[in-house]
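Just below is one structure, and these are the notes that go with it.
Numbering of residues begins at 1 and proceeds along the displayed sequence.
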Amino acid sequence: MNERSAPGAGRGLPNSLFAVQVTYQGETVGMGRVVGDDGCFYQVVDIAVKPAHQGQGLGKRIMGEIRDYILRTAPPNAFVSLMADGEAHRLYAQFGFRPTHSLGMGWYPNLISD
């Protein structure tokens, strides 16, 4: 996952529809969020588990909580999307996500690079 700016995170995180945070000994080791318009479109974002805590089922727990939230709150025919990097598609497939026929596209305005 690419780093985000502190100002961007400060604005974006409070606007989440739903968020999951996993802590271990007071440290955040995993997270996931849902953003969207809370009616027609939902997007699963920021699924992350620190490398030292991967392989313990935390990604599945995070996705399970997100799936439960969407099933409880999303109206009929709402569209839920996500972007899968690397092998993450294997995790998401376990929760019903399938490749679409759409081409995923992105744009980073004002990208700051090293």
Can you see which heavy atom on [X] is nearest to which on [Y], and at what distance?
X     : Y     : result
Gln21 : Thr28 : NE2-OG1, 2.6 Å
Gly39 : Ala78 : O-CB, 3.6 Å
Phe95 : Lys60 : CZ-O, 3.4 Å
Ala9  : Pro14 : O-CD, 3.9 Å
Tyr42 : Ala74 : OH-CA, 3.5 Å

Could you check Asp85, Ile66, Leu82 and say which one makes a side chain to side chain contact (heavy atoms under 4.5 Å, CB included) with Ile47?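 That would be Ile66.
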Same cluster for [X] and [Y] if Ile/Leu/Val/Met/Phe/Trp/Tyr side chains link at under 4.5 Å?
X     : Y     : value
Met63 : Val35 : no
Val34 : Phe97 : yes
Ile62 : Val45 : no
Val49 : Tyr24 : yes

With a 4.5 Å cut-off on side-chain heavy atoms, are Phe18 and Ile70 touching?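 No; the side chains remain at least 4.5 Å from each other.
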Nearest 0.5 Å, please: how far is CG in Asp68 from CD in Glu65?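 Rounded to the nearest 0.5 Å, the CD-CG separation comes out at 6.0 Å.
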Can you measure from CZ (Arg33) to CG (Asn15) and round to the nearest 0.5 angstrom?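 Here the interatomic distance stands at 8.5 Å.
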Quick one: list whatever passes side chain to side chain contact (heavy atoms under 4.5 Å, CB included) with Ser5, sequence neighbours left out.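 For Ser5, the residues satisfying side chain to side chain contact (heavy atoms under 4.5 Å, CB included) (neighbours in sequence not counted) are Pro7.
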Using 30° and 60° as the class boundaries, would you call the ring planes of Phe79 and Phe41 parallel, tilted or perpendicular?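 Aromatic pair Phe79/Phe41 classed perpendicular.
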With no hydrogens and no angle check, is any side-chain donor or acceptor of Arg98 less than 3.5 Å from a backbone partner on Ala93?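 Here the side-chain-to-backbone pair exists.
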Could you tell me whether a side-chain N or O of Arg4 sits under 3.5 Å from a main-chain N or O of Gly12, the two making a donor and an acceptor?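 Not a single qualifying donor-acceptor pair exists.
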Just wondering, more than 12 heavy atoms not from Arg72 lying within 6.0 Å of its CZ?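 Check passes, neighbour count above 12.
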